[in-house]
Structure formats: C-alpha cells, structure tokens
Amino acid sequence: ISFQQNPWSAKGHRKDLDEICRNVIGDMDAYGVCVVDNFLGEDKGKAVLKEVLQLYDKGVFRDGQLVSSRGSGDLKTIRGDQIIWIDGKEKSCNNIQQLISQVDAVVMRANRMTNNGKMGMYNINGRTKAMVACYPGLGSHYVKHVDNPNQDGRCITAIYYLNLNWNVRENGGLLRIFPEGWLGDKVADIEPIFDRLLFFWSDRRNPHEVQPAYDTRYAITLWYFDAKERAEACRRYEKERHS
Ligand SMILES: COc1ccc2cc(-c3cnc(C(=O)NCC(=O)O)c(O)c3)ccc2c1
Ligand SMILES: [Mn+2]
C-alpha cells in the first residue's frame with residue numbers, strides 16, 4: 001500500500017480536528033500507520049519551512065550519530081541526517097511551536113476519543129522535544145531500524161515533512177516502512193512531501209528506512225510517550241544508574 005494520496009485528503013478540503021482524529025484512530029488500529037496530507041495548509045506550512053531553513057542557515061544542526069559499519073568491505077555510514085532538538089519556545093520558532101501544538105491536539109484528542117480513552121491500548125501523557133532533521137542530500141540515508149526496540153516509553157512516531165515539489169524518482173528520500181503485521185511482503189512507501197503528517201507505532205511493529213536522498217530533505221519528528229511504559233523505562237534507568 002502506498003500512501004501517496006489518501007482519499008480523504010482531497011486538495012484544499014480543510015479537515016476539522018474531529019475528522020482527522022477519526023482517520024488517525026482508524027488507520028492506526030487498522031495499519032499501525034497513518035498519513036494526513038495538507039495538515040497545516042500551504043501558508044502555515046511554508047512559515048514552518050522558513051523557520052527551519054533559518055535554523056539550518058544558522059548552522060545549529062548537529063550531525064546525527066554516525067555509526068559506520070563494514071558493508072562489503074567499504075566503510076558505510078549508518079545515517080546521514082543532521083538534527084537539532086527544539087521545544088518551540090526558542091525565539092523565531094513560533095510557527096514550529098504552532099505545528100507542535102497542532103500535532104499535540106490531534107494525538108491527545110485521538111487518545112481521548114478511542115474506546116476507554118486509549119489509542120492502541122496506550123495512555124499518552126507526554127512527548128519528546130521536536131527533532132528537526134535534515135538529510136543533506138548526496139545520498140544521505142538511514143538504514144532499516146526500529147525507533148523504540150526496547151520499551152523506552154515511546155509509542156507513536158509523528159513526522160511532519162516540509163519538502164516542496166519533492167519528487168522521489170529524482171530526489172530519492174523515500175521512507176519505506178515494513179509493517180510486521182502486514183500480509184506478504186507489503187510495505188508502506190511514504191513520500192516526504194510538503195505539509196504531510198505521518199504517524200506510526202514506534203516499536204518493533206514498524207521497522208523502516210530512509211532511502212538515499214539526493215536533495216536536502218527536511219522533517220520534524222515528535223515521539224509520544226505511553227505513561228506506563230515510560231514510567232517503567234525511567235525506573236529501569238534509575239536502577240541501572242545506581243547498580
Ligand atoms: C541519542 O541521540 C539521538 C539523536 C537523534 C536521533 C534520531 C533518530 C532518528 C530516528 N528515525 C529517523 C527516521 O526514521 N526518519 C524517517 C524520515 O525522516 O522519514 C530519523 O531521521 C532519526 C534516532 C535516534 C537518535 C538519537
Ligand atoms: Mn526512525
């Protein structure tokens with residue numbers, strides 16, 4: 001299944017919060033993956049992109065971890081994105097802050113709307129800061145991985161893409177998810193197109209990779225915590241620290 005264009009994201013049709021939440025709940029329960037297109041609308045989307053470009057031009061992005069591995073003899077870098085963590089309260093980031101609040105509104109409302117107030121049996125009570133990431137092109141990529149393989153508390157990955165006129169055929173940078181619950185070798189191919197919001201379960205159900213990008217590719221990621229799993233992860237961490 002490829003999530004290029006969802007039936008409900010008819011161009012220009014502004015969805016209200018309730019409708020988006022119903023889509024998110026339905027898709028997360030059915031597929032473990034959900035795409036919402038035209039999330040902010042063109043003007044607000046461009047205002048967020050402008051702030052991200054300003055941050056990038058200030059040179060505040062840091063290289064993501066480079067873990068090199070011997071692939072067929074030559075040294076292969078595992079990831080090539082550059083990142084900066086922001087909480088949105090920084091100066092000249094208030095459009096990014098508005099994006100964060102909008103994503104929070106969808107996640108928290110969806111969490112309340114589902115049966116017994118849980119989406120996918122989670123009780124979401126917090127999230128990480130926003131990770132603004134740039135894959136600088138030149139083939140930068142991220143090998144297949146799981147965001148939360150060991151119950152660190154993160155249950156939902158939310159990624160907002162900022163790439164105007166992105167064409168995967170020439171620019172690459174496709175996000176390919178290999179949902180473990182899907183029949184056969186079906187995959188979810190997500191193009192990182194402008195004003196697209198993506199949700200997927202952060203655990204081992206969704207191994208995923210970022211294929212080599214040949215142009216600068218921007219995204220803003222938020223990871224949402226499940227109260228119980230996060231509390232247990234913190235307890236484990238405290239115990240290790242004192243052992
Ligand atoms: C301990 O410090 C850090 C700092 C930053 C980290 C960033 C990631 C990460 C994970 N996933 C993706 C991804 O899947 N992107 C999909 C897409 O862009 O379409 C990505 O770009 C980045 C993982 C661990 C980190 C640890
Ligand atoms: Mn990831």
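Just follow the structure's listing: the first ligand is 1, and inside any ligand the first atom is 1. Being a predicted model, the structure only gives us computed values, none of them experimental. Along the sequence shown, residues are numbered consecutively beginning with 1.
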Using a strict 4.0 Å cut-off to heavy atoms of [X], name the atoms of ligand 1 that fall inside it.
X	answer
Asp81	20 (C), 21 (O), 22 (C)
Tyr161	17 (C), 19 (O)
Tyr135	15 (N), 18 (O), 20 (C), 21 (O)
Ile83	4 (C), 5 (C)
His208	14 (O)
Asp147	10 (C), 11 (N)

Contact partition for Ile159 relative to ligand 1, non-hydrogen atoms under 4.0 Å: side chain
Going by side-chain contact (heavy atoms from CB on, under 4.5 Å), Cys21 matches just one of Met113, Arg112, Met119. Which one? Met113
Give a yes or no on whether the backbone of Ile96 and the side-chain of Gln98 come within a donor-acceptor separation of less than 3.5 Å. no
Does Lys228 form a salt bridge (charged side-chain N to carboxylate O under 4.0 Å, His left out) with Asp226? I'd like the steps, not just the answer. CA-CA 6 Å; Lys228 196 163 163 294; Asp226 167 63; over 6 Å; no
Under 2.8 Å from the Mn ion (ligand 2) - protein N/O/S, by chain and number: His145 NE2, Asp147 OD1, His208 NE2
Arg204: side-chain hydrogen bond (donor to acceptor under 3.5 Å, both in side chains) partners, not counting sequence neighbours: Asn150
Linking I/L/V/M/F/W/Y whenever their side-chain heavy atoms sit closer than 4.5 Å, directly or via other members, would Phe39 and Leu17 fall into one cluster? yes
With ring centroids as reference points, do Tyr56 and Tyr218 lie under 6.0 angstrom apart? yes
Is the shortest distance from a Lys or Arg side-chain nitrogen in Glu19 or Arg22 to a carboxylate oxygen in the other one below 4.0 Å? no
May I ask you to check whether Trp85 has an N/O atom sitting below 3.5 Å from an N/O atom of ligand 1? no
Look at atom CG of Leu138 and say whether more than 12 heavy atoms of other residues, nucleotides or ligands are closer to it than 6.0 Å. no
Within 45° cone and under 6.0 Å: Arg217 NZ/CZ vs Tyr135 ring: yes
So, does Glu209 sit close enough to ligand 1 that a heavy atom of it is under 4.0 Å from the ligand? no
How about Arg127 and Val107: do any of their side-chain heavy atoms sit closer than 4.5 Å? no
